[in-house]
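Side-chain atoms are counted along with the backbone in the values below, which use heavy atoms only and exclude waters and symmetry mates.
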Amino acid sequence: MIKLGHRLAAYSLLSMLTVPARGAEPDRASIDTGVLIGASDMGIRSFKGVPYAAAPTGSLRWKPPQPAASWKEPRPATEYGPACIQFAPPGMPDIVRYGASPEPTSEDCLTLNVWAPKAAANAPVMVWLHGGSGRFGAGSLPYYDGTSFARDGVVLVTINYRLGNLGAFAHPALTRAAPADEPLVAYGGMDQIAALEWVRRNIAAFGGNPHNVTLFGESSGAISTLSLMATPRAQPLFHKAIVESGGGWFAPSYRKEAEDCGIEMATKVGLPGADATLQQLRSLSIDKLKSMDKICGASVDGRLAVEGPTIAFLAGRAADIPLLIGVNSGEDSLLDHGDGIARAKASMQSTLPDARKVYGDQMSDEDLVRVLFRDFLAMAPARWIAGGSWRAQPAFLYYFDYVDEARRPGQRSSPHGSEVLYVFGTFAHRPDGGPPATPADEAMGTLIHSCWVNFAKSGRAACAGGDPWPAYTRENDSWMVFSDRGAHIVPGLAAAKLDWQQGRVRWLLWLGRIQSAFKRAFSGWGD
């Protein structure tokens with residue numbers, strides 16, 4: 001039996017800089033900005049800290065990413081670049097153990113990393129978007145090492161992108177200064193698109209196929225994946241997607257709301273609110289930016305994005321590409337920080353009586369709140385997206401429920417993010433200080449990793465040693481469940497409960513679609 005449970009939420013301080021292993025040999029790749037000198041070891045090529053855009057500093061702060069400068073001499077590419085500036089959520093001063101990058105961090109951070117098979121030619125490509133609430137994280141963290149993917153014939157790319165109020169910000173001064181067609185607000189999302197454009201131009205130099213790219217991410221990286229599926233400029237840049245714990249029901253937010261937030265935050269740090277100038281904003285210190293207690297983002301700026309991602313999926317305007325999407329059984333672990341469970345209880349108090357008619361009377365209020373949180377924020381929307389009637393391409397739905405009760409007594413479910421080590425096969429970089437991987441852990445890692453690799457290669461989900469994985473339809477309602485039994489299909493998993501959750505939001509989804517259409521027809525899209 002396979003049994004393991006662990007928390008990626010318990011990160012320890014790990015060095016993010018690595019050098020080639022002893023015995024590694026230099027390797028060269030020529031890209032559009034110059035020659036890179038990476039490393040080759042045991043049939044795997046790696047290139048780290050590669051600039052895909054110019055440093056977004058000074059006059060480029062809160063601007064769309066600009067082209068990276070070229071270099072004349074070969075550029076070393078054996079060490080990761082700095083992570084982007086990390087922004088701690090309120091009440092969480094120590095964020096490294098929750099997935100933030102340790103120092104060095106820098107505003108000059110737009111780099112990516114590539115792992116490729118030595119003899120790759122026209123190989124499938126996977127591009128990873130890290131999680132971290134849009135506030136922290138980095139593509140250079142050790143548990144995102146791409147060696148296992150390269151060993152299995154995939155070219156793997158991880159990226160850094162701007163975070164916090166450097167990655168999402170709006171203010172009237174920024175809007176006034178921008179050309180009429182220049183995207184605003186979602187600078188981290190613009191970075192992600194710039195990285196995908198870099199992949200389109202350069203990945204063949206590493207043996208990758210620019211026309212077979214799978215975009216995948218976890219948590220906020222999964223939300224970004226959904227957003228990019230709904231963004232016309234991004235849609236041609238990738239051909240398959242994997243969404244790990246990304247939800248799918250998001251209320252649209254607009255540029256005007258973000259600008260109002262930016263005015264409030266400018267006032268908070270001592271600037272004259274709406275009258276703050278562009279120079280004053282771009283001169284703010286990192287400490288001042290970190291002192292802002294709100295992230296002033298929006299999903300709709302009217303330029304890059306003209307509607308929220310949920311509306312795009314509802315209307316059938318998102319990318320119709322093969323999709324693998326799913327959740328973990330313990331997504332409610334997100335409530336275990338600060339006063340998360342207390343706030344969730346307060347917000348759901350009026351819902352509990354009706355919920356008990358569907359979920360039963362056996363659970364305590366806290367346990368019921370936890371299940372409702374998981375089902376509403378993650379499980380039901382993932383199923384809704386997979387079952388979209390407009391889809392022509394297949395979608396595959398999963399539920400990760402692999403738990404090690406022997407090593408973590410009392411743990412009943414797989415926490416948010418706990419699948420990542422298995423997907424990447426990076427047990428040697430366990431971030432939580434836990435014991436080494438057991439043979440059962442390695443078996444689960446091999447299993448789920450094979451599903452992701454096969455999907456990237458073919459657009460069909462197939463797991464070595466698991467049940468056949470049918471494409472999801474509303475009729476078969478098929479979930480692939482990863483548990484101590486391996487990988488097995490469960491039709492109708494929690495169907496009545498998820499139907500109830502979807503029923504609760506049906507009118508809100510359509511109201512959001514009507515609101516979006518009204519804004520597009522009668523007012524500024526970003527207002």
Side-chain angles (χ1 to χ4, degrees), residues 29 31-32 45-53 65 68 80-81 84 109-117 120 122-132 134 137-141 143-150 152-162 167 188-231 233-244 246 319 321-325 420 423-424 426 449 452-459:
I31 61 173
D32 59 0
R45 307 169 74 200
S46 62
F47 299 83
K48 299 172 181 174
V50 181
Y52 68 85
Y80 295 118
C84 293
C109 62
L110 300 186
T111 61
L112 52 76
N113 317 292
V114 182
W115 290 262
N122 217 32
V125 180
M126 299 183 74
V127 179
W128 171 253
L129 302 180
H130 68 77
S140 55
L141 292 167
Y143 18 93
Y144 304 145
D145 181 284
T147 298
S148 64
F149 284 98
D152 288 335
V154 172
V155 177
L156 193 284
V157 180
T158 67
I159 74 168
N160 293 343
Y161 53 90
R162 282 174 281 183
M190 298 177 212
D191 295 341
Q192 294 164 356
I193 292 173
L196 287 167
E197 291 171 338
W198 183 97
V199 168
R200 173 64 63 91
R201 297 192 309 271
N202 290 296
I203 206 64
F206 306 90
N209 181 354
H211 303 294
N212 185 9
V213 176
T214 299
L215 184 65
F216 72 132
E218 183 267 338
S219 193
S220 62
I223 294 172
S224 290
T225 300
L226 292 172
S227 294
L228 294 175
M229 289 180 68
T231 302
R233 179 175 159 186
Q235 288 172 346
L237 300 174
F238 59 101
H239 314 92
K240 296 181 281 292
I242 300 174
V243 176
E244 302 175 30
I321 56 178
L323 174 67
L324 197 160
I325 185 169
V420 172
V423 167
F424 278 81
T426 48
H449 174 77
W452 268 230
V453 168
N454 287 332
F455 179 78
K457 290 180 176 180
S458 68

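No side-chain heavy atom of Thr225 sits less than 4.5 Å from a side-chain heavy atom of Ile242. At a threshold of 4.5 Å between non-hydrogen side-chain atoms, the residues Leu141 and His130 do not count as touching. The shortest distance between side-chain heavy atoms of Ile31 and Trp198 falls below 4.5 Å. Looking at Val213 and Leu237, their side chains never come closer than 4.5 Å, going by heavy atoms from C-beta outward. Under the 4.5 Å side-chain criterion, counting only non-hydrogen atoms from C-beta, Asn202 is not in contact with Val50.
The CG atom of Asn122 lies 12.0 Å from the CD1 atom of Ile203; values are rounded to the nearest 0.5 Å. Atom CG of residue Asp152 and atom CG of residue Asn454 lie 9.0 Å apart, to the nearest 0.5 angstrom. The CG atom of Leu156 sits 7.0 Å away from atom CE of Met126, with the distance rounded to the nearest 0.5 Å. Here Asn160 contributes atom CG and Gln192 contributes atom CD; the two are 11.0 Å apart, rounded to the nearest 0.5 Å.
Ring pair Phe149/Phe424 is perpendicular by interplanar angle, where above 60° counts as perpendicular and below 30° as parallel.
For Arg233, the salt bridge (charged side-chain N to carboxylate O under 4.0 Å, His left out) partners are Glu197, not counting sequence neighbours. With sequence neighbours excluded, the residues that form a side chain to side chain contact (heavy atoms under 4.5 Å, CB included) with Ser46 are Ala39, Lys48, Trp115. Listed by chain and number, the residues in a side chain to side chain donor-acceptor pair (under 3.5 Å) with Ser227 amount to none (sequence neighbours excluded).
For the pair Glu244 (side chain) and Gly217 (backbone), a donor-acceptor distance under 3.5 Å is absent. Put simply, the side chain of Asn113 gets close to the backbone of Gly49: a donor and an acceptor are under 3.5 Å apart. Of the possible polar contacts, none joining the Asn209 side chain to the Pro124 backbone as a donor-acceptor pair under 3.5 Å is found.
In plain terms, the two heavy atoms of Ala116 and Val155 that are nearest each other are CB-CG2, 4.0 Å. In this structure, Ala234 and Leu228 approach most closely via the heavy-atom pair CB-O, 3.6 Å. The shortest non-hydrogen separation linking Pro322 to Gly459 is CB-O, 3.7 Å. Shortest non-hydrogen contact noted between Ala68 and Tyr52 is CB-C, 4.1 Å. Trp452 and Leu324 make their closest contact through CH2-CD2, 3.8 Å (heavy atoms, listed as atom of the first residue, atom of the second, distance). Shortest non-hydrogen contact noted between Gly132 and Ser220 is N-OG, 3.1 Å.
A side-chain contact (heavy atoms from CB on, under 4.5 Å) with Phe238 is found for one member of Thr214, Leu196, Val127 and no other, namely Leu196.
Aromatic rings of Tyr144 and Trp128 (six-membered ring for Trp) have centroids within the 6.0 Å cut-off, being under it.
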Query raised in the report: Going through the checks in order, is the side-chain contact (heavy atoms from CB on, under 4.5 Å) test met by Val423 and Glu218?
Result: CA-CA 11 Å; Val423 167; Glu218 183 267 338; over 6 Å; no
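Between the side chains of Asn212 and Lys240, at least one donor-acceptor pair of N or O atoms lies under 3.5 Å.
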